[in-house]
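Counting starts at 1 for both ligands and their atoms, following the listed order. In this chain, residues are counted from 1 in sequence order.
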Amino acid sequence: MTKDAKPAADDLVVLKGVNKHFGALHVLQDIDLTITRGEVVVVIGPSGSGKSTLCRTINRLETIDAGAISIDGKPLPQEGKELARLRADVGMVFQSFNLFAHKTVLENVMLGQTKVRRTPKAEAEEKARTLLDRVGVGSQADKYPAQLSGGQQQRVAIARALAMGPKVMLFDEPTSALDPEMINEVLEVMQQLARDGMTMVVVTHEMGFARSAANRVVFMSDGRIVEEAVPDQFFNNPRSDRAKDFLSKIL
Ligand code: ADP
Ligand code: MG
């Protein structure tokens, strides 16, 4: 594609020539990545390779030094009202669940809707309850986060992100902080979301999930995308030495 060619209609998240430094550290180097509507992209790579920073630039939790990011055809601005609007199109789920401790589960899922989307309370509550049911924690609606297991809290965090009606969901190691027996209940919710057609970017070390849910695996190392492939090809036949080395350590 030439530089000024129009993006295809189903290109949802487009990064072009994205570069980012933290001081002397060149943490993202010439990142070109296009995520199409409905696609599930799993990002893997060694610790410190820039996976979290990549996610954080997509919803502008981090600024970029060079390049451009667009969401659904609109350039991601550095600040202002338009940024708030675009950011609401990008749901994010972190390793630490980041729920509001002094709000109930239901309130956690209603808050963004009423404050950012200006959804009327009754409507926000109905949507929150529907989503909590969908992620399997409907019966926990009136509890506080600390009363829930880690797996339940993470599912609430997913419901909260979905409540904003995002066009794309970013997951940054959503199961890394969980006890092993709770990992699957969260991955199953994500699998279902993928089957329902949600566009997803998932940073994870769960290779089973990558194999079964991903349309594409993106392998990062030292701030670069080193390799991109469908899961079968990536896991069975990695091309780069760095990917081979990484896989030999984790599989
Ligand atoms: P990953 O998620 O792949 O482990 P990160 O994106 O978190 O990698 O980090 C990439 C590199 O950037 C690491 O060397 C990390 O220490 C550094 N880094 C991340 N965030 C910051 C920050 N806010 N300030 C300075 N360095 C940072
Ligand atoms: Mg990380």
Side-chain angles (χ1 to χ4, degrees), residues 13-35 40-69 71 76 78-79 83 87 90-99 150-151 153-154 157-158 161 166 168-180 182-183 186-187 190 199-211 213-214 216-229 231 234-235 238 240-251:
V13 179
V14 180
L15 289 85
K16 274 189 193 162
V18 169
N19 280 274
K20 164 87 185 164
H21 296 77
F22 285 122
L25 182 67
H26 198 170
V27 61
L28 294 178
Q29 305 189 33
D30 304 320
I31 301 288
D32 289 313
L33 180 65
T34 297
I35 296 150
V40 177
V41 173
V42 165
V43 180
I44 67 175
S47 175
S49 56
K51 306 180 298 295
S52 293
T53 307
L54 177 72
C55 282
R56 293 167 61 82
T57 61
I58 296 175
N59 68 350
R60 244 296 269 115
L61 287 172
E62 299 286 357
T63 54
I64 57 176
D65 304 331
I69 300 176
I71 312 282
L76 190 61
Q78 293 282 0
E79 58 194 342
L83 172 64
R87 190 183 269 162
V90 183
M92 181 130 182
V93 175
F94 302 88
Q95 180 175 335
S96 52
F97 327 121
N98 291 349
L99 296 173
Q153 289 186 55
Q154 193 59 304
I158 294 173
V168 55
M169 287 279 287
L170 311 177
F171 294 86
D172 189 3
E173 299 201 27
T175 60
S176 293
L178 297 177
D179 291 334
M182 292 168 191
I183 291 176
V186 172
L187 292 178
M190 293 165 61
T199 308
M200 294 163 61
V201 178
V202 184
V203 179
T204 186
H205 300 296
E206 293 295 329
M207 296 303 138
F209 176 85
R211 277 180 186 275
R216 182 160 46 125
V217 173
V218 167
F219 175 71
M220 287 187 74
S221 178
D222 296 324
R224 290 183 184 278
I225 294 178
V226 173
E227 192 161 338
E228 283 183 67
F234 180 78
F235 289 111
S240 65
D241 288 340
R242 275 188 278 188
K244 282 177 196 161
D245 181 54
F246 177 75
L247 288 172
S248 74
K249 284 179 184 139
I250 58 155
L251 291 181

*Asks:* For the residue pair Gln95 / Ser176, report whether a side-chain donor-acceptor contact shorter than 3.5 Å exists.
*Replies:*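 There is no such pair between these side chains.
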
*Asks:* Do the side chains of Leu83 and Arg60 get nearer than 4.5 Å, heavy atoms only?
*Replies:* yes

*Asks:* Taking the basic N atoms (NZ, or NE/NH1/NH2) and the acidic carboxylate oxygens, is any pair closer than 4.0 Å for Arg242 and Asp222?
*Replies:* yes

*Asks:* Contact between Leu170 and Met200 at the side-chain level, heavy atoms closer than 4.5 Å - yes or no?
*Replies:* no

*Asks:* For atom 27 (C) of ligand 1, grab the closest protein heavy atom and report residue, atom and distance to one decimal in Å.
*Replies:*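 Nearest protein contact, heavy atoms only, for atom 27 (C) of ligand 1 is Phe22 CD1, 3.2 Å.
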
*Asks:* Select one of side chain, backbone, both or neither to describe which atoms of Val27 lie under 4.0 Å from any atom of ligand 1, heavy atoms only.
*Replies:* side chain

*Asks:* Could you tell me which atoms of ligand 1, counted from 1 in the order shown, lie closer than 4.0 angstrom to a heavy atom of Thr53?
*Replies:*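 With Thr53 as reference, the close atoms of ligand 1 come out as 5 (P), 6 (O), 9 (O).
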
*Asks:* Could you check whether any side-chain heavy atom of Met92 comes within less than 4.5 Å of a side-chain heavy atom of Asp172, counting everything from C-beta outward?
*Replies:* yes

*Asks:* Using side-chain heavy atoms (C-beta onward) and a distance below 4.5 Å, is Val41 in contact with Ile35?
*Replies:*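 The answer is yes, as the side chains (C-beta and beyond) meet within the 4.5 Å cut-off.
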
*Asks:* Report yes or no: does Gly45 have a heavy atom closer than 4.0 Å to ligand 1?
*Replies:*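 So Gly45 does not count as touching ligand 1.
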
*Asks:* When you look for heavy atoms under 4.0 Å from ligand 1, do you find them on the side chain of Leu25, its backbone, both, or neither?
*Replies:* side chain

*Asks:* Which of the numbered atoms in ligand 1 are under 4.0 angstrom from any heavy atom belonging to Pro46?
*Replies:* 3 (O)

*Asks:* How close does the nearest protein non-hydrogen atom get to atom 3 (O) of ligand 1, and which residue and atom is it?
*Replies:* Lys51 NZ, 2.7 Å

*Asks:* Considering only protein heavy atoms, determine whether one is less than 4.0 Å from atom 14 (O) of ligand 1.
*Replies:*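 Answer yes: something from the protein, a heavy atom, is under 4.0 Å.
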
*Asks:* Out of Cys55, Gly48, Gly23, Gly223, whose heavy atom is nearest to atom 1 (P) of ligand 1?
*Replies:* Gly48

*Asks:* Can you name the one residue among Ile64, Ile58, Leu76, Asp32 that meets side-chain contact (heavy atoms from CB on, under 4.5 Å) with Leu15?
*Replies:*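 So the option named by the test is Ile58.
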
*Asks:* Rounded to the nearest 0.5 Å, what separation is found between the CD1 atom of Ile44 and the NZ atom of Lys51?
*Replies:*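 Between atom CD1 of Ile44 and atom NZ of Lys51 there are 9.0 Å.
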
*Asks:* For atom 7 (O) of ligand 1, find the nearest protein heavy atom and state the residue, atom name and distance (0.1 Å precision).
*Replies:*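 The closest one turns out to be Ser52 CB, 3.6 Å.
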
*Asks:* Could you confirm whether Ser52 has any N/O/S atom lying under 2.8 Å from the Mg ion (ligand 2)?
*Replies:*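 So Ser52 counts as coordinating the Mg ion (ligand 2), yes.
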
*Asks:* Hey, is ligand 1 close enough to Gly50 that some N/O pair sits below 3.5 Å?
*Replies:* yes

